[in-house]
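Data block below; observations after.
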Amino acid sequence: MTMTRRWRFLRRPLPVGLRRWSLWGVLVLLVVSMLALLVWLAGTYEAGQVQSRVERDAADAVSDIRAALTRNVQSLQALQYSEPTPKSWEIDAEAFLREHRELVRVEWRSQSLKILAYADTPFRPPVFDRMGRQNMQSEVSVACSTALKFSGPAYTSSYFLPFADGLGAEMMELCLPLQSGGKPAGYLVATYSLQEVLEGLLGRQLTSNYEISFAEGDGTRLALRGSSRRGSRVFTAQQLMDLPGAALILRMDSWRGTPDLFPNVLTALVTAISIALVSVLVLLGKDIRRRVKAEHELADALAFRKAMEDSLVTGLRARDLNGLITYVNPAFCKMVGFTTQELLGHSLPAPYWPPEFIDEYKQRQAIILAGNLPPREGFESVFMRRDGTRFPVLIIEAPLINAQGMHTGWMSAFLDISEQRRIEELSRTSQERLQATARLATVGEMASLLSHELNQPLAAISSYATGAINLLAEGGETPFELGADLQLAMHRVAEQAERAGKIIKSVQDFVRRREQVRESVAPKVLLDAIAPLINLQARKSQVRVITELEPGIAAVFCDRTMIEQVLLNLARNAMQAMDQPDILERVLTLRVSRVKGEARSQWIEFSVADLGAGIAPEVQPQLFNPFFTTKAEGMGLGLSLCRTVVEQHGGALVFTPNTPQGTVFIFTLPARTVA
Ligand code: ADP
């Protein structure tokens with residue numbers, strides 16, 4: 001139980017940051033120790049190499065010296081070959097010494113070690129002058145007895161010999177027994193200077209690279225040759241040179257192999273690689289730090305994007321090239337009432353497609369998936385919520401391009417436009433209602449004019465009827481004449497009745513609500529249609545109506561009823577503006593022409609001009625406001641409706657002062673060439 005708990009504690013994961021750092025620590029430690037080991041191994045290997053070379057050279061030096069000594073022994077023996085006299089021997093010995101610097105003296109001694117002849121080296125003053133040769137007698141006798149024992153050359157151990165000039169040198173004696181006719185015949189004794197042995201018997205190659213010395217067992221130097229340069233590390237080799245009767249130690253110190261900071265190429269190489277490795281590690285560390293930072297930034301950006309998508313009211317949906325849904329945002333789910341899980345991976349037909357449109361939508365999808373771009377501004381469609389209710393949506397679809405620039409699917413944005421539709425519908429109905437009201441108001445205004453206008457034909461009918469009755473009552477004339485008069489009267493009655501009927505029909509036409517359709521209408525047709533109604537008022541207000549139509553003018557594309565109403569409103573306003581006692585010249589000009597200038601040559605311009613008092617500057621800004629009027633019985637809707645209608649047709653309604661006085665109202669409509 002306790003164990004399990006302890007294990008669980010041990011297995012508890014470290015925090016991510018700490019774990020990463022400890023991993024890094026271990027890696028750095030491993031790399032550094034590996035590199036240190038490498039450098040150490042390389043150094044040790046190199047040192048081993050140098051050491052063995054020094055050992056080898058030391059062995060070579062020893063064998064060089066040994067060979068030279070042997071050669072010398074033979075040369076010395078050669079002095080004896082010609083059975084010399086002491087005198088001739090001395091001459092030969094001097095010649096021999098001139099060639100052998102390492103020897104300071106050669107002696108020919110008798111069997112009893114008495115000196116028979118001798119020669120000193122010509123290179124220095126006689127070395128035994130200060131101490132006397134007798135002092136060395138014991139060394140010589142030891143050597144010679146050993147030589148006798150070996151029947152060959154024997155050496156003494158070295159001794160220090162002070163010179164006359166206060167200096168001194170280490171010397172070594174060689175004793176060589178002589179034989180004559182198989183019997184001992186004295187000795188040859190030669191004295192070697194150890195210093196000169198080092199100077200003369202070793203190759204230049206060795207001496208320039210090493211410090212070479214003869215040493216004793218305890219390290220005391222007896223003779224030394226070579227530079228005493230020292231490094232931080234010296235490689236030393238000692239070689240025993242045993243000669244018959246004596247032994248010497250040759251010691252070689254290498255200063256050439258003395259390591260600098262980098263003892264050699266290999267170590268330098270390993271060190272350089274180590275430095276490069278550490279630099280790479282540092283760079284790698286930096287790079288990882290940058291990556292971690294980028295990761296954080298990416299995570300932040302992702303979180304921000306997610307928050308943004310979640311708070312969007314626009315529905316978003318992505319699909320792959322096969323039509324499978326790959327992404328939906330919460331707004332889309334809310335819009336259609338399905339969950340993300342239900343929608344993701346769903347293929348066509350989508351669950352939010354109304355069953356009655358499935359075929360049509362499938363076709364549409366096939367077109368889009370085939371790569372035909374839908375319109376950029378989007379298109380409208382109808383979707384179905386989970387509860388079965390339908391709602392209109394605006395869909396904006398765009399190809400989904402990934403980071404490599406490849407087309408991977410489609411991204412769509414959805415806007416639920418049911419509310420917008422409701423408001424549009426509301427405003428359309430109220431607009432229609434307003435226009436109907438305005439039309440009725442116009443009719444109301446016309447009622448009095450109408451009764452006045454109808455009075456004339458009715459009075460005429462009545463008088464013709466009375467006349468006819470009278471004719472019938474009198475009956476005095478011939479039936480033929482009576483018939484002719486009655487016929488005329490009835491014709492007149494019929495004519496007048498027709499005229500009255502026309503007047504009533506024109507009003508009826510105007511009031512009757514018609515379908516709102518746009519069609520190509522010749523401007524003349526528009527003017528003719530409203531002419532009877534304009535004339536009604538013109539007669540009452542004593543206004544002269546002038547109509548000017550540019551010849552060959554194109555048809556306009558418009559809702560005929562609406563444009564008639566606009567023309568009638570403007571004409572009525574114009575005539576009302578001139579219905580003042582002080583205005584004597586009352587002319588209403590209706591003009592239709594093409595808009596001049598290239599750019600707008602596809603437009604037709606209608607102008608309604610009057611010679612009234614004009615519009616006061618303070619009135620001008622509010623002229624088009626609904627319910628703005630300066631008239632006692634006015635509604636103030638006329639101009640506002642006119643502008644709405646003209647703008648719905650894509651045109652514009654403006655006004656300018658007329659000359660010499662009055663106002664001109666001008667509006668434009670799109671032209672449609674008459675076929
Ligand atoms: P209403 O005719 O019912 O007053 P309108 O919107 O047609 O409503 O006109 C608003 C006002 O604009 C009028 O009351 C009048 O003062 C002014 N107005 C319109 N047309 C003219 C015109 N041709 N000359 C002078 N004033 C005008």
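Read the numbers this way: they start at 1 and go in the same order the structure lists the ligands and their atoms.
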Under a heavy-atom criterion of less than 4.0 Å, does [X] contact ligand 1?
X      : value
Leu623 : yes
Thr663 : yes
Gly614 : yes

Where the closest heavy atom to atom 20 (N) of ligand 1 is concerned, which of Asn573, Val664, Leu588 has it?
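Minimum heavy-atom distance to atom 20 (N) of ligand 1 goes to Asn573.
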
Per atom 8 (O) of ligand 1, closest listed option by heavy atom (Gly636, Ala609, Ala574)
Gly636

Atom indices of ligand 1, in the order listed, that fall short of 4.0 Å to a heavy atom of [X]:
X      : value
Phe628 : 10 (C)
Ala577 : 22 (C), 24 (N), 25 (C)
Arg572 : 2 (O)
Ile615 : 25 (C), 26 (N)
Thr629 : 1 (P), 4 (O), 14 (O)

Between [X] and ligand 1, find which residue part has any heavy-atom pair under 4.0 Å and reply side chain, backbone, both or neither.
X      : answer
Leu639 : both
Asp610 : side chain
Phe624 : neither

May I ask you to check whether Thr630 has an N/O atom sitting below 3.5 Å from an N/O atom of ligand 1?
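Yes: some nitrogen or oxygen of Thr630 is under 3.5 Å from one in ligand 1.
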
Nitrogen or oxygen of Gln576 less than 3.5 angstrom from that of ligand 1:
no

Scan side-chain atoms only and decide if [X] and [Y] contain a donor-acceptor pair under the 3.5 Å cut-off.
X      : Y      : result
Tyr327 : Glu309 : yes
Ser412 : Glu397 : yes
Ser427 : Glu424 : no
Lys306 : Asn329 : no
Ser381 : Arg364 : yes

Please determine whether salt bridge (charged side-chain N to carboxylate O under 4.0 Å, His left out) holds for the pair Arg586 and Asp610, giving the CA-CA distance in whole Å, both sets of side-chain angles, and the decisive distance to 0.1 Å.
CA-CA 8 Å; Arg586 299 177 178 182; Asp610 66 67; over 6 Å; no

Would you call the rings of Tyr361 and Trp353 parallel, tilted or perpendicular, taking 30° and 60° as the class edges?
perpendicular

Would you call the rings of Tyr352 and Phe332 parallel, tilted or perpendicular, taking 30° and 60° as the class edges?
perpendicular

Lys/Arg cation over aromatic Phe557: Arg518, 6.0 Å, 45° cone
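Checked: cation-pi criterion not met.
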
Sub-6.0 Å ring centroid separation between Phe357 and Phe383:
no

